[in-house]
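All values below come from the heavy atoms of this structure, side chains included, with hydrogens, waters and symmetry mates left out.
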Amino acid sequence: MKIGISYDVIRWEEKDLLQAIRRYGSTPVPIYLKDFHLTTEERLEDSPDLIVQRSVSHKRAQLSTLVFEGMGLSVVNPSTTLLLCQNKLHTTIQLSVNKISTPRTGIAFDETSALKLASKIGYPVVLKPIEGSWGRMTAKALDEDTLRSLLEYQRYTNTYYNNAFYLQEFVKKPDRDIRVFVIGDEAPVGIYRVNERNWRTNTALGARAEPLKVDEELEDLALRVREVVGGHFLGVDIFEDKERGYLVNEVNAVPEYKNTVRVTGFDVSGKLVSKLTEVIKR
Amino acid sequence: MRSSFAFGTEFEITKFESREATINFSTAYFDIHPMVMVKCPVCGEQVSVDDNALPGEIVEHECGAQLEVFNDHGKLSLRLAEQVGEDWGE
């Protein structure tokens, strides 16, 4: 069996995945996207049975997945999942439609409207880029004055969605959030991401990973998220709210898991390869 | 039609002993390999790189440069690593 790894930067995860593929008796096929060039008429002679999409660039991930799928290859995660998860508004809407609780969220396409939206949500509010990761450019506004400045800053950036303002309530979570990994049809492992000094609990911003026991409620929630967004490998970010319980904040379609493996000892790559092997055999 | 897309990219690399070797990365990744010396594109000094390095691997050089391995017409080379992009992440 041959399993492709589509990538642009080799991180710890990609190295571990390559080793796990070998360990499970398959052949890893590294696919370096920066070397990628292919006409629409071409087909891969020596193509893998399945490709794991690991590009750190969302654009490369999305576009190369479309190309692979166009060749009839299965990709984990598929382009539909990538498209849905990489756009926070798209994720929020689909989760809400499917009755999965999320933080109160809204969208406005003009600064004046965004201020009105924030009044409806209630301060503090969090302004997030519609596409982005690692907590980048996620900002909290305590009041209208601050928000007005943040909106102006966003509008003058050259980001694609600079005139679309995605605002979310600030959830008063404990100094942590939860990351649960969906691998195939299971949610076997998760972590707390703890930060006492920064309300943004991304490990990319210095949050500390701590082991989490994924109980039945969390597992059920993560698998319900999977039913909505599809895919075989997801990182589901969840807030704990005192009154409302679990709120799904975001879903990551190319999740990083170095810290999860470090603190839990769980073999994420091995589990993923094992599940992918089942998919290929079907 | 055979794809021009490089699966299992082959690099020609020069080892310490100054002999030429060709490595197929898709099969040779887990074997034990010596280090190779590659020129730093920033300071010009020699940088020691695993000769089983895959294109896209990041190498931190003591001059402060963050470099990435790439395939320069079949030779393992280093260039300045791509800056974190607006669309980078999970």
Considering heavy atoms only, which positions within residues 80-90 of chain B lie below 4.5 Å of chain A? B:E82, B:V84, B:G85, B:E86, B:D87, B:W88, B:G89, B:E90
When you look at CD of B:Q46, are more than 12 heavy atoms from neighbouring residues, nucleotides or ligands closer to it than 6.0 Å? yes
I would like to know whether B:F70 and A:D35 meet side chain to side chain contact (heavy atoms under 4.5 Å, CB included); could you show each step before the answer? CA-CA 9 Å; B:F70 78 108; A:D35 279 350; 5.9 Å; no
Region of A:K59 in contact with chain B, defined by heavy-atom distances below 4.5 Å: both
To check you understand the geometry: which heavy-atom pair defines the closest contact between B:L54 and A:P30, and what is its length? CD2-CG, 4.1 Å
Counting heavy-atom pairs under 4.5 Å to chain B, which of A:R54, A:Q86, A:R60 comes out on top? A:R60
If you draw a 6.0 Å radius around NZ in A:K258, do more than 12 non-hydrogen atoms from other residues or ligands fall strictly inside? no
